[in-house]
Participant: 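Can you read through this structure? Questions will come right after.
Below, read A as the first sequence line, B as the second, and so on, with proteins coming before strands; counting in each chain starts at 1.
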Amino acid sequence: MLKATNVTKSFGKLKVLKGVSAAVSRGEVVAIIGSSGSGKSTFLRCLNYLEKVDGGSVTIDGESLVSTDAQGKACYAQKEQLRRICLKMGMVFQNYHLFPHMNVLRNITEAQVHVLGRSKTQAAEYGAELLTKVGLSDKAQQYPYQLSGGQCQRVAIARALALDPELLCFDEPTSALDPQITQEVLAVIRQLAGEHRTMIVVTHEMRFALEVADRVIFMEDGVIAEEGTSQEMLGSGRSERIRRFMGE
Amino acid sequence: MRYFNDGEAFLKLIKLLTGGLGNTLLIFAWTIVLALPLGLIVALGRMSRRRIVREPVRFYILIMRGTPLILQIFAVHFLLPILMKFLGTNLPFLSFLLAIRPNRVNSTIIAFVINYAAYFAEIYRGGIMAMERGQYEAAQVLGFSRAQTFVRIILPQVIKRILLPISNEVITLVKDTALATVIAVAEMFRSATNEASRTGSIEPLIIAGVFYLIMNTIITWLFDVLIRKFDYYKV
Ligand SMILES: Nc1ncnc2c1ncn2[C@@H]1O[C@H](COP(=O)(O)OP(=O)(O)OP(=O)(O)O)[C@@H](O)[C@H]1O
Ligand SMILES: [Mg+2]
């Protein structure tokens, strides 16, 4: 479904990704863990075309988002293809980034109507359905500022789902939330995992990763330091390095 | 007390001033109608990624904000006929500009429009730059084009933020229309100064001041309504 090969990325002199390769198959849930500054967000953003890679390749569903030519120059797909590929991916941000001037339902319908060309009624029906799914059917007419952080994040998840992405990315979806509220967001993601949606989740919630992820990627200093099933990585047989990272 | 205790003279003065008010409002209205959209274009030019666009616009804004408006009014007044003749003969595709008659009122309007567009542009630019990157990123991952992102996501939020500074400029504009008097446009301030020097009374100027105050009271109120309209959400 998704294949990233040898992705490199620097910000000025700072090498943030030093050759990261990862593959995600359909229906798989992959958790990315690692200490602050290890490049987790940057990697996710490279997959999403929110950052441009310096080198390496990213392929989604057999279509090439970016590849590197013989001279080592990263070549991105043409504009239309780029758009199509990016629409296969949804993204949920740490700080939600809802559109504050639109009510909750409109946040979810706007792209359906103006990007996918769905009719307004169709979009609204689907929007209502998704709001029910994330447990916010009564908030359709509210504005983001009237919601709690957890509710905002659930709206953001519904907004991403509305475009039927084949791969959903989460960048620390609960890091801005109180511990109790974290659970309501994790419950939604857990539910999505139950539906066998393909997801990549950057998270600091180790218990959640163990429970929900099929595979865990541990990043350190711009590379993948360890990778394995969630049991191998986070179960009782976890490595010394992971133990250190978890502060044991 | 020449006018304030003589009803007939007072009415005559009011009539005289409202006669000049026509041009005052004309300058004001055209400046608003033209400079607000033009300012947005200038702001986008100022933020362009292309240097060849950005730098000339930066220079234009510097001139407009860095020199007195009164000087710009003179400059347009003297240069406009020359410029139009030049454009009309050398650049036929611009010959539609010749439809603008190079009279005093039009010179004033043009000077005001290009001056205020620069100020509005900087207000727009401030509003646009204050937008957090997350809004652009959220729009991008949802597949909105750059134009859609600007029109549907960014601009509506920018407008809410800039209403107050825009209202400041609009209020200043009302008072600045008095500068048109320097190239002898028959607007309200000129009517008032003429009358004042003819009769040696300050009262026409006081009444003119009251007129400006009334206009700005209305504008303040309009902006209050507008700002309240945008109060339905908070960031
Ligand atoms: N736009 C940017 N410009 C410059 N440096 C950046 C930029 N984005 C990230 N960095 C740097 O790249 C490094 C990796 O950042 P990244 O956000 O990917 O880490 P992370 O693993 O997601 O960390 P965290 O757990 O804190 O979110 C950091 O040192 C960060 O300061
Ligand atoms: Mg991060």
Participant: Run the ring pair (Phe, Tyr, Trp, His ring centres under 6.0 Å) test against His77(B) and tell me which residues pass, sequence neighbours left out.
Facilitator: none
Participant: Just checking Lys3(A): does its NZ atom have more than 12 heavy atoms from other residues, nucleotides or ligands closer to it than 6.0 angstrom?
Facilitator: no
Participant: Quick one: pull up CD1 in Ile154(B) and NE2 in His101(A) and give me the separation to the nearest 0.5 Å.
Facilitator: 8.0 Å
Participant: Using non-hydrogen atoms and a limit below 4.5 Å, what part of residues 169-178 of chain A faces chain B?
Facilitator: none
Participant: Is it the side chain or the backbone of Gln94(A) that comes within 4.5 Å of chain B heavy atoms, both, or neither?
Facilitator: neither
Participant: Evaluate whether atom CD of Glu195(A) has more than 12 neighbouring non-hydrogen atoms of other residues, nucleotides or ligands under 6.0 angstrom away.
Facilitator: yes
Participant: Please check if atom CZ in Arg54(B) has more than 12 non-hydrogen atoms from other residues, nucleotides or ligands closer than 6.0 Å.
Facilitator: yes
Participant: Look up atom NE2 in His114(A) and atom OG in Ser145(B), then write down how far apart they are to the nearest 0.5 Å.
Facilitator: 11.0 Å
Participant: OH of Tyr136(B) to NE2 of His97(A): how many Å apart, nearest 0.5 Å?
Facilitator: 13.0 Å
Participant: Does Arg152(B) reach the side chain of Glu110(A), with side-chain heavy atoms less than 4.5 Å apart?
Facilitator: yes
Participant: Quick one: are Lys234(B) and Pro100(A) in side-chain contact, heavy atoms under 4.5 Å?
Facilitator: no
Participant: Taking side chain as everything from C-beta outward and backbone as N, CA, C, O, which of these in Glu137(B) sits under 4.5 Å from a heavy atom of chain A? Side chain, backbone, both or neither.
Facilitator: both
Participant: If we only count heavy atoms from C-beta on, is the Leu142(B) to Arg159(A) side-chain gap below 4.5 Å?
Facilitator: yes
Participant: Please flag which part of Gln140(B) lies under 4.5 Å from any non-hydrogen atom of chain A: side chain, backbone, both or neither.
Facilitator: side chain
Participant: With no hydrogens and no angle check, is any side-chain donor or acceptor of Gln148(B) less than 3.5 Å from a backbone partner on Val115(A)?
Facilitator: no
Participant: Counting heavy-atom pairs under 4.5 Å to chain B, which of Met102(A), Arg84(A), Arg45(A) comes out on top?
Facilitator: Arg45(A)
Participant: Output all residues satisfying ring pair (Phe, Tyr, Trp, His ring centres under 6.0 Å) with Tyr143(A), sequence neighbours left out; order by chain, then residue number.
Facilitator: Tyr232(B)
Participant: For Phe11(A), does the CZ atom sit with more than 12 other heavy atoms under 6.0 Å from it, leaving out its own atoms?
Facilitator: yes
Participant: For the CD1 atom on Ile52(B), are there more than 12 heavy atoms of other groups (residues, nucleotides or ligands in this structure) within a distance under 6.0 Å?
Facilitator: no
Participant: Checking Leu116(A) against chain B: side chain, backbone, both or neither under 4.5 Å from a heavy atom?
Facilitator: neither
Participant: Who are the ring pair (Phe, Tyr, Trp, His ring centres under 6.0 Å) partners of Tyr49(A), not counting sequence neighbours?
Facilitator: Tyr76(A)
Participant: Got Asn103(A) and Tyr233(B) here, is their nearest side-chain heavy-atom distance under 4.5 Å?
Facilitator: no
Participant: Is Phe99(A) in contact with chain B via its backbone, its side chain, both, or neither, using a 4.5 Å heavy-atom distance?
Facilitator: both
